[in-house]
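These notes are about the structure you will find just below.
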2 protein chains.
Amino acid sequence: MVTNNNETMQQNIFYTFSKTIEFFSISPAEAQLFAMLYLKEYPMTLDEMGQALGKSKTAIGTSIRTLSELNLVRRVWKKGIRKDLYETHHDLYSKFMKTYINNWISHTNNQKALLSDVYEQMNRTNLSEEETQLLNKLTSIIEFHQSIIDTFTTIDPKKN
Amino acid sequence: MVTNNNETMQQNIFYTFSKTIEFFSISPAEAQLFAMLYLKEYPMTLDEMGQALGKSKTAIGTSIRTLSELNLVRRVWKKGIRKDLYETHHDLYSKFMKTYINNWISHTNNQKALLSDVYEQMNRTNLSEEETQLLNKLTSIIEFHQSIIDTFTTIDPKKN
DNA sequence: TTATACGTACAGTTTAAACTGTACGTACTT
DNA sequence: AAGTACGTACAGTTTAAACTGTACGTATAA
């Protein structure tokens, strides 16, 4: 980090921040869009975002739709502007971590339910050795799922 | 879930389990390899794994190398067998969650350090309004990183 | 009413990851 | 020593995700 130039520092912040966002299972394009939008002080149009990132309006449309569905950005109305405007939510931790943990918990609960269904079907008397072993494996896998759920349930994403 | 057939149930367990493994930022191919290997009761060769998953030995070689680097599987020696044999580690929660959380913490620490470097370079007197705003944004982003680290540090992955 | 702006659907293209098949070097067996 | 087995390097192929450019329907402005 040898440069003092504002533009380069902003680029470094943007890039570093976007890499962290990627860790929340967000695609590089979406992460960069969010990071760039967060660093701007004003809501942007699809054209502006496309120009800032060097991408087509279609690609921006797709990415902003995903970010919007993830509740990370919101539409903004501004008088006299007919283009769609978007800005980011500002409570980073709450937005990212809450969604991320909820995804983990709901997915893992779904998987655990499926596995428990299989367990109920298999769990009877007169099992072969092979079936008993499979049932034991299944028990371990279900416990694994429960441990994941327990872990993420203990995190308090309301903290910010 | 309407079928009682053993093979189908094993397939359901395999598939459901592999989908959960993918959530740990492990690729579908690697997740499926791990899930299949975990459900087997014996160490397997590259050929056997390739045949079981319907993939080439090269693809298996690549995937097993990654799983090995992640410390999720280990090489096994068996007298009289010259082929490489691999089996999974059995402590699922510890292996997956520990690695996963360590990745989060180390990555986020690295990013935070980079951002703090930028902060030290920017933090001086006589800042323009633009620079002040960028510095404020940077402060929020650094706090975001710290919150992530705090969150994952509180998780105890030794539980199983 | 006509022309223009806008976002998005759509078809096609590009890119990167994942894959296959071949060939090679090394180890093992005969 | 020669032949075979084995894992992996390598080049090429396939696949799915991400992208572009065009066209369309709707809304807005003139």
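Since the model is a prediction, treat every value here as computed from it, not as a measurement. Every chain is numbered from 1, with letters handed out A, B, ... down the list of sequences.
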Using atom types as modelled, flag every donor-acceptor pair under 3.5 Å from a side chain in residues 77-85 of chain B to any protein atom, sequence neighbours excluded.
residue : atom : partner : partner atom : Å
B/Lys83 : NZ   : B/Asp47 : OD2          : 2.5

Of the residues in residues 26-52 of chain B, which ones touch DNA chain C at a heavy-atom distance under 4.0 Å? B/Ser27, B/Ala29
Grab the CH2-C1' distance between B/Trp77 and D/dC6 for me, whole Å please. 17 Å
Who pairs with B/Ser63 by side chain to side chain donor-acceptor pair (under 3.5 Å), at least two apart in sequence or on another chain? none
Between OH of A/Tyr86 and C1' of C/dC6 the distance, given in whole Å, is 12 Å
Round to the nearest Å and state the distance from B/Glu22 atom CD to C/dA18 atom P. 11 Å
Which residues satisfy the ring-ring contact (aromatic ring centres under 6.0 Å, His included) test with B/Phe23, sequence neighbours excluded? A/Trp104, A/His107
Nucleotide by nucleotide, nucleotides 25-30 of chain C touches protein heavy atoms under 4.0 Å in the pattern (B base, S sugar-phosphate only, - none) --BS--
Near DNA chain C, which residues from residues 55-65 of chain A have a heavy atom under 4.0 Å away? A/Lys57, A/Thr58, A/Arg65
For B/Glu130, the side chain to side chain donor-acceptor pair (under 3.5 Å) test, sequence neighbours excluded, returns none
Applying side chain to side chain donor-acceptor pair (under 3.5 Å), can you list everything that pairs with A/Glu41, at least two apart in sequence or on another chain? none
Got a sec, which residues hit salt bridge (Lys or Arg N to Asp or Glu O under 4.0 Å) with A/Lys19, two or more places apart in sequence or on another chain? A/Glu22
Whole-Å distance, B/Arg75 CZ to D/dC6 C1', equals 11 Å
Mind checking whether A/Leu72 and A/Thr88 have side chains closer than 4.5 Å, heavy atoms only? no
Which residues satisfy the salt bridge (Lys or Arg N to Asp or Glu O under 4.0 Å) test with A/Arg65, sequence neighbours excluded? none
Here the ring-ring contact (aromatic ring centres under 6.0 Å, His included) pairs for residues 34-59 of chain B, sequence neighbours left out, are B/Phe17-B/Tyr38, B/Phe34-B/Phe96, B/Tyr38-B/His90
Just jot down the side chain to side chain donor-acceptor pair (under 3.5 Å) partners of A/Thr58, sequence neighbours excluded, or say none. none
